[in-house]
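Only a predicted model underlies this, so the values are computations on that prediction, with no experimental measurement involved. Here is the naming used below: chain letters follow the sequence lines, and residue numbers restart at 1 for every chain.
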2 protein chains.
Amino acid sequence: MKLTTRGRYAVMAMADLALFKDKGPTSLTDISLRQNISLAYLEQIFIKLKNKNLVRSVRGAKGGYVLQNSPDEIKISNIISAVDEEIKMLNCKKESKKGCNNKSTKCITHNLWDQLDQHINNFFEKVKLEDLVRKNQTLNK
Amino acid sequence: MKLTTRGRYAVMAMADLALFKDKGPTSLTDISLRQNISLAYLEQIFIKLKNKNLVRSVRGAKGGYVLQNSPDEIKISNIISAVDEEIKMLNCKKESKKGCNNKSTKCITHNLWDQLDQHINNFFEKVKLEDLVRKNQTLNK
DNA sequence: TTCAATTCCTACTGTTTTAGTCTGAATTAA
DNA sequence: TTAATTCAGACTAAAACAGTAGGAATTGAA
Ligand code: SF4
Ligand code: SF4
């Protein structure tokens, strides 16, 4: 797994976007102020979100970003994997060096990490942006 | 959350211990060879496991480590939290600086991280060392 | 009694990752 | 024309990670 502030900020920012989605493009400046996240950092993050087609940009004054899809179609997993890369437990040894590689059999804990991985991914797959915006609501399903 | 090689190694080593638990104390040298983990690193890890009373040590020649409890009583969560410290999603901003602190209301994503946290912890709570040793078995419950 | 195998303890270190910052360009509404 | 904005990429300080290194203490066995 991998979950850093970038991922958290991305989710916060996307939620913010969802909240104000009827008011035209939302500028990063606004998000920066509302969510208390550095503007420059947000810019970095939004480039990635844009590349993954989660948002659409409107350049120039009065510009900003707009969600590509409606909040109930955007999975949290999409957001996080867009900015944080791999959501994998099984990095173990980066292939090359020691570890599972030379031994042909998987080590005894392999299944464990694999299942945890699925577990976490399932979680993020189930939760949609919409669920965050519909506040006070329990995310349990 | 927090899961590093230390945590993984710890689980592997404990599983190894469980496998050979009937053969008296298991030395770290043995584990090192079988699991392909640096001896010095294992030592570091086992100090922690010992401090958390997960294993008992036998010093001197023919010494080694022994599980404190039977494998079906040892939760994976115990092992990981013993060596990796906090298993928390909600580190956000280390209290002091920007973030949730000054705002009295929780930010919109708070629940999300909180629930993920519980989700992961539940997972590790349910799986016991025993489950790893009983190989090829599915961990799903 | 000696020695080799072991745990114990603590400090150190190289590398990678994280969490940003900084600079400057391109675009466009007003 | 200008101010607000996105776009792009290089840079960096600090922290975390993944181990090493060196030596002391203990003890079973030769
Ligand atoms: S076999 Fe073990 S070391 Fe290899 S990928 Fe699986 S868990 Fe990681
Ligand atoms: S309110 Fe937001 S910033 Fe504060 S702890 Fe919760 S998730 Fe983190």
Side-chain angles (χ1 to χ4, degrees), chain A residues 1-10 12-13 17 23-33 35-52 54-66 80 83-88 91-94 96-99, chain B residues 1-10 12-13 17 23-33 35-52 54-66 80 83-88 91-94 96-99:
Chain A
M1 155 81 172
K2 174 91 84 56
L3 187 43
T4 65
T5 59
R6 264 219 310 287
R8 277 200 293 264
Y9 287 166
M12 286 170 79
L17 231 49
K23 305 207 161 65
T26 307
S27 76
L28 294 189
T29 311
D30 287 352
I31 299 182
S32 169
L33 293 174
Q35 306 296 335
N36 203 351
I37 303 171
S38 137
L39 174 61
Y41 205 13
L42 275 176
E43 289 177 348
Q44 229 189 86
I45 291 169
F46 270 78
I47 296 295
K48 300 195 181 209
L49 292 175
K50 204 189 81 168
N51 289 339
K52 292 296 170 81
L54 292 172
V55 295
R56 179 168 53 79
S57 70
V58 178
R59 301 190 66 168
K62 290 286 169 186
Y65 287 92
V66 183
I80 293 177
V83 301
D84 263 345
E85 320 292 295
E86 28 135 13
I87 228 176
K88 278 264 165 255
N91 283 345
C92 294
K93 292 280 202 163
K94 304 242 173 84
S96 55
K97 306 189 78 86
K98 319 175 162 190
Chain B
M1 154 81 170
K2 173 90 86 55
L3 188 41
T4 64
T5 59
R6 265 219 310 288
R8 276 199 292 264
Y9 288 166
M12 287 170 79
L17 231 51
K23 304 204 162 63
T26 306
S27 76
L28 294 188
T29 311
D30 287 352
I31 299 182
S32 168
L33 293 173
Q35 306 297 334
N36 204 350
I37 304 170
S38 137
L39 174 61
Y41 205 13
L42 275 176
E43 290 177 348
Q44 235 188 82
I45 291 168
F46 270 79
I47 296 294
K48 300 195 180 207
L49 293 175
K50 205 189 81 170
N51 290 340
K52 292 296 172 80
L54 292 174
V55 296
R56 180 167 52 78
S57 70
V58 179
R59 302 190 64 169
K62 291 284 169 185
Y65 288 92
V66 183
I80 294 178
V83 303
D84 263 346
E85 320 292 294
E86 29 137 12
I87 228 175
K88 277 265 167 254
N91 283 345
C92 294
K93 292 280 203 164
K94 305 241 172 83
S96 56
K97 305 189 77 89
K98 323 174 156 189

Respond yes when some side-chain nitrogen or oxygen of [X] is under 4.0 Å from OP1 or OP2 of [N], and no when none is.
{"X": "A:S57", "N": "D:dC7", "value": "yes"}
{"X": "B:K50", "N": "C:dT7", "value": "no"}
{"X": "A:Y9", "N": "C:dG20", "value": "yes"}
{"X": "A:S38", "N": "C:dT21", "value": "yes"}

Integer-rounded Å distance: [N] [atom2] and [X] [atom1]:
{"X": "B:I45", "N": "C:dT7", "atom1": "CD1", "atom2": "C1'", "value": "15 Å"}
{"X": "B:L49", "N": "C:dC9", "atom1": "CG", "atom2": "C1'", "value": "16 Å"}
{"X": "A:R56", "N": "D:dC7", "atom1": "CZ", "atom2": "P", "value": "11 Å"}
{"X": "B:I31", "N": "C:dA5", "atom1": "CD1", "atom2": "P", "value": "18 Å"}
{"X": "B:I80", "N": "D:dC17", "atom1": "CD1", "atom2": "P", "value": "14 Å"}
{"X": "A:L42", "N": "D:dA8", "atom1": "CG", "atom2": "P", "value": "17 Å"}
{"X": "A:L39", "N": "C:dG20", "atom1": "CG", "atom2": "C1'", "value": "12 Å"}
{"X": "B:L33", "N": "C:dA5", "atom1": "CG", "atom2": "P", "value": "13 Å"}

For the side chain of [X] and the base of [N], is some donor closer than 3.5 Å to an acceptor across the two?
{"X": "A:Q44", "N": "D:dG9", "value": "no"}
{"X": "B:R6", "N": "D:dA18", "value": "no"}
{"X": "B:R59", "N": "D:dT26", "value": "no"}

Check A:A13 against A:L42 and note the closest heavy-atom contact, atom names and distance. CB-CD2, 4.1 Å
Which listed nucleotide ([options]) is nearest to the side chain of [X]?
{"X": "B:S27", "options": "C:dT6, D:dT6, C:dC8", "value": "C:dT6"}
{"X": "B:I47", "options": "C:dC8, D:dA18, D:dT6", "value": "C:dC8"}
{"X": "A:A61", "options": "C:dT28, C:dG20, D:dA18", "value": "C:dT28"}

With no hydrogens and no angle check, is any side-chain donor or acceptor of B:D84 less than 3.5 Å from a backbone partner on B:T4?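 Such a contact is found between B:D84 side chain and B:T4 backbone.
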State whether the side chain of B:S32 and the backbone N or O of B:S38 hold a donor-acceptor pair below 3.5 Å, judged by distance alone. no
Residue pair B:G60/A:N51 against DNA chain D: nearer the 5' end by closest nucleotide is A:N51
Assign B:F46 to base, sugar-phosphate, or nothing according to its heavy-atom contacts below 4.0 angstrom with the strands shown.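 It contacts nothing in the nucleic acid.
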Trace of the side chain to side chain contact (heavy atoms under 4.5 Å, CB included) decision for B:V66 with B:L17: CA-CA 7 Å; B:V66 183; B:L17 231 51; over 6 Å; no
Could you walk me through whether B:Y9 and B:V83 pass side chain to side chain contact (heavy atoms under 4.5 Å, CB included), step by step? CA-CA 10 Å; B:Y9 288 166; B:V83 303; over 6 Å; no
Check the pair B:F46, B:V55 against side chain to side chain contact (heavy atoms under 4.5 Å, CB included), reporting the backbone distance first and the verdict last. CA-CA 8 Å; B:F46 270 79; B:V55 296; 4.1 Å; yes
Between B:G63 and A:K62, name the one whose nearest nucleotide on DNA chain C is closer to the 5' end. B:G63
